[in-house]
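Given the structure is predicted, the values throughout are model-derived calculations rather than measurements. First the proteins, then the strands, lettered A, B, ... as listed; each starts at 1.
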2 protein chains.
Amino acid sequence: MNLPPLSQAFVLHFGEMGSRWGINRTVGQIYAVLFLAERALNADEICERTGFSRSNVSMGLKELQSWNLVRLQHRPGDRRDYFATPDDLWAIVRTLVAERKKREVDPTLSVLRELLMQPAATEADAHAQARMREMHELIELLTSWYAEMERMETDRLVQLLSLGARVGQVLEFKDRLFGAVTRKREPDDGARPRPTDEEA
Amino acid sequence: MNLPPLSQAFVLHFGEMGSRWGINRTVGQIYAVLFLAERALNADEICERTGFSRSNVSMGLKELQSWNLVRLQHRPGDRRDYFATPDDLWAIVRTLVAERKKREVDPTLSVLRELLMQPAATEADAHAQARMREMHELIELLTSWYAEMERMETDRLVQLLSLGARVGQVLEFKDRLFGAVTRKREPDDGARPRPTDEEA
DNA sequence: TTGTAATTTCAAAAATTCCTGAAACTCCAG
DNA sequence: CTGGAGTTTCAGGAATTTTTGAAATTACAA
């Protein structure tokens with residue numbers, strides 16, 4: 001590994017963390033190197049900085065591309081591929097979240113939907129299905145919220161995040177102005193605290 | 001594996017997903033079994049339902065306990081430990097998020113803080129530090145937002161989530177009312193779109 | 001105490017994933 | 001075409017993780 005000390009510490013850490021996320025050490029380190037780099041790097045430069053073999057780097061870059069986490073660039077008069085991360089960190093976060101959702105929650109959602117279609121044969125299956133239905137509803141709520149955040153402009157998103165729990169106060173304020181409209185909904189409409197609710 | 005068909009499909013799927021998350025197949029399946037179970041189960045019952053060896057189940061349960069994802073129970077006149085997941089799905093989501101944060105983002109945050117304290121020796125380190133600072137700020141924003149959501153009651157949280165992007169409209173409304181106040185801030189205060197910002 | 005049921009630990013086998021060098025492939029300039 | 005720079009694929013060795021059975025430990029009843 002051939003990097004200035006601070007960068008090296010960061011890259012090493014990202015390698016470790018890589019294994020806690022779905023990606024592996026190699027991929028984590030490669031990404032960290034690109035993230036810190038002051039310009040796009042070609043595969044050999046990445047080899048030099050990380051100390052990984054050429055083929056390992058190639059694999060890692062392919063993986064990162066499949067995650068849409070790196071951008072491919074070219075230089076005039078140079079046939080080599082150059083790789084870079086987006087400058088805008090929010091863009092990175094957005095693709096990261098999108099990809100993790102695609103890999104970690106979407107498959108579960110579709111399995112749940114499928115299993116909820118099936119008729120419950122046994123008593124135990126009926127209970128299991130009730131439990132799955134709860135999970136399905138919760139995930140639906142979270143993903144549809146996410147879908148709306150995703151659509152939002154970064155500035156506004158940041159504004160919302162900075163506001164934090166104070167959004168609650170803004171809401172209360174709104175309620176006070178337009179109270180009648182909001183209060184019309186059932187109070188437990190979204191919360192659904194009852195655990196078993198067999199409307200099979 | 002000894003389970004009714006629908007449950008079996010669910011448990012198998014959770015096993016697969018387990019490996020995409022930090023946990024492994026065994027732990028994923030054990031958790032799924034407990035999640036679907038109509039009552040708390042002891043280790044032998046989990047063995048029977050999953051088909052894993054007794055010791056493997058013991059390991060898995062220990063892991064789940066370290067994640068705070070299972071609750072230990074006892075029956076009068078029975079020395080065995082019984083395990084269950086919380087009935088309230090929101091409680092599960094809360095601990096899941098809390099634990100993942102603890103394992104996946106907190107360590108990074110502290111490494112970043114540490115590296116940002118160091119003086120940048122080289123030119124390259126200075127650039128790397130600027131990049132790290134961006135990342136640090138973004139993670140801080142996200143985690144402090146999370147901390148506030150965490151503190152919120154489930155009902156209110158669900159209300160907020162259901163509202164989705166309509167919160168944005170409330171913001172717009174607020175802006176229109178108090179426009180002058182909000183506009184006083186620097187326009188790029190939170191977003192920080194400029195990539196290089198060397199204030200080392 | 002002693003005996004026994006329940007659980008945990010541990011070393012090593014089994015399975016999986018990672019990493020590499022060599023070979024194959026692609027693409028372009030001459 | 002041919003040569004060669006750049007890249008990818010791939011089989012198999014290295015490293016890591018998972019899983020297990022046997023042994024050790026714990027906790028309690030008699």
Side-chain angles (χ1 to χ4, degrees), chain A residues 1-2 11-12 14-34 40-67 70-84 103-104, chain B residues 1-2 11-12 14-34 40-67 70-84 103-104:
Chain A
M1 177 164 299
N2 184 11
V11 168
L12 252 28
F14 248 66
E16 293 311 313
M17 293 314 277
S19 19
R20 298 206 193 176
W21 292 51
I23 67 182
N24 64 26
R25 195 164 53 90
T26 312
V27 176
Q29 289 196 18
I30 293 176
Y31 194 75
V33 163
L34 291 178
L41 301 178
N42 65 45
D44 284 320
E45 289 170 323
I46 297 172
C47 287
E48 191 188 324
R49 298 190 186 196
T50 59
F52 292 126
S53 75
R54 188 54 234 282
S55 52
N56 201 359
V57 167
S58 177
M59 299 277 218
L61 286 170
K62 228 179 87 182
E63 171 90 1
L64 284 174
Q65 281 176 288
S66 85
W67 279 74
V70 293
R71 223 161 282 284
L72 190 53
Q73 294 179 6
H74 283 285
R75 299 184 164 195
D78 187 341
R79 286 217 260 116
R80 289 171 294 182
D81 292 336
Y82 283 79
F83 300 89
R103 287 153 208 249
E104 296 181 3
Chain B
M1 177 164 300
N2 183 13
V11 168
L12 252 29
F14 248 66
E16 292 311 313
M17 293 315 276
S19 21
R20 297 206 193 177
W21 290 53
I23 67 181
N24 64 27
R25 194 165 53 90
T26 311
V27 175
Q29 289 196 19
I30 292 176
Y31 194 75
V33 163
L34 290 178
L41 302 179
N42 65 46
D44 285 320
E45 289 170 323
I46 297 172
C47 286
E48 190 188 324
R49 297 190 186 197
T50 59
F52 292 126
S53 75
R54 189 52 234 279
S55 53
N56 203 358
V57 167
S58 177
M59 299 278 219
L61 286 171
K62 226 179 88 183
E63 171 90 2
L64 284 174
Q65 281 176 288
S66 86
W67 279 76
V70 292
R71 223 162 280 283
L72 190 54
Q73 293 178 6
H74 284 284
R75 298 183 165 197
D78 187 341
R79 287 216 261 116
R80 287 170 295 182
D81 292 337
Y82 284 78
F83 299 88
R103 286 153 209 251
E104 296 181 3

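In this structure, the CD1 atom of Ile23(B) is 12 Å from the P atom of dT19(D), given to the nearest Å. Rounded to a whole Å, the CE atom of Met59(B) is 12 Å from the C1' atom of dA12(C). Between the CD atom of Glu16(A) and the P atom of dA15(D) there is a distance of 16 Å, rounded to whole Å. With rounding to whole Å, Asn56(B) atom CG is found 18 Å from dA13(C) atom P. The CG atom of Leu61(B) sits 15 Å away from the C1' atom of dT19(D) (whole-angstrom rounding). dT17(D) atom C1' lies 14 Å from atom CZ of Arg25(A), rounded to whole Å. Computed from coordinates, the Lys62(A) NZ to dT26(C) P distance equals 13 Å when rounded to whole Å. Atom-to-atom, CD of Gln65(A) to P of dT9(D) comes out at 11 Å; the value is rounded to the nearest Å.
Within the 4.0 angstrom heavy-atom criterion, no nucleotide atom of any strand lies near Asn42(B). Using a 4.0 Å heavy-atom distance criterion, Arg80(B) is classed as a sugar-phosphate-only contact. Looking at heavy-atom distances under 4.0 Å, Arg54(A) makes contact with a base. Residue-level contact check: Asn24(A) touches the backbone only, with heavy atoms under 4.0 Å from sugar-phosphate atoms and none from bases.
Along DNA chain D, the nucleotide nearest Ser58(A) and the nucleotide nearest Arg79(A) are compared for position; the residue whose nucleotide lies closer to the 5' end is Arg79(A). Each of Asp44(A) and Ser55(B) was matched to the nucleotide of DNA chain D holding its nearest heavy atom; the match closer to the 5' end belongs to Asp44(A).
With values rounded to the nearest 0.5 angstrom, Met59(B) atom CE is found 13.5 Å from Leu64(B) atom CG.
By the 4.5 Å heavy-atom criterion applied to side chains, Trp67(B) and Val27(B) are not counted as neighbours. At a threshold of 4.5 Å between non-hydrogen side-chain atoms, the residues Glu63(A) and Tyr31(A) do not count as touching.
A side-chain hydrogen bond (donor to acceptor under 3.5 Å, both in side chains) with Asp81(B) holds for exactly one of Arg75(B), His74(B), Gln73(B); it is His74(B). The only option from Leu41(B), Leu61(B), Asn42(B) that meets the side chain to side chain contact (heavy atoms under 4.5 Å, CB included) definition with Phe83(B) turns out to be Leu61(B).
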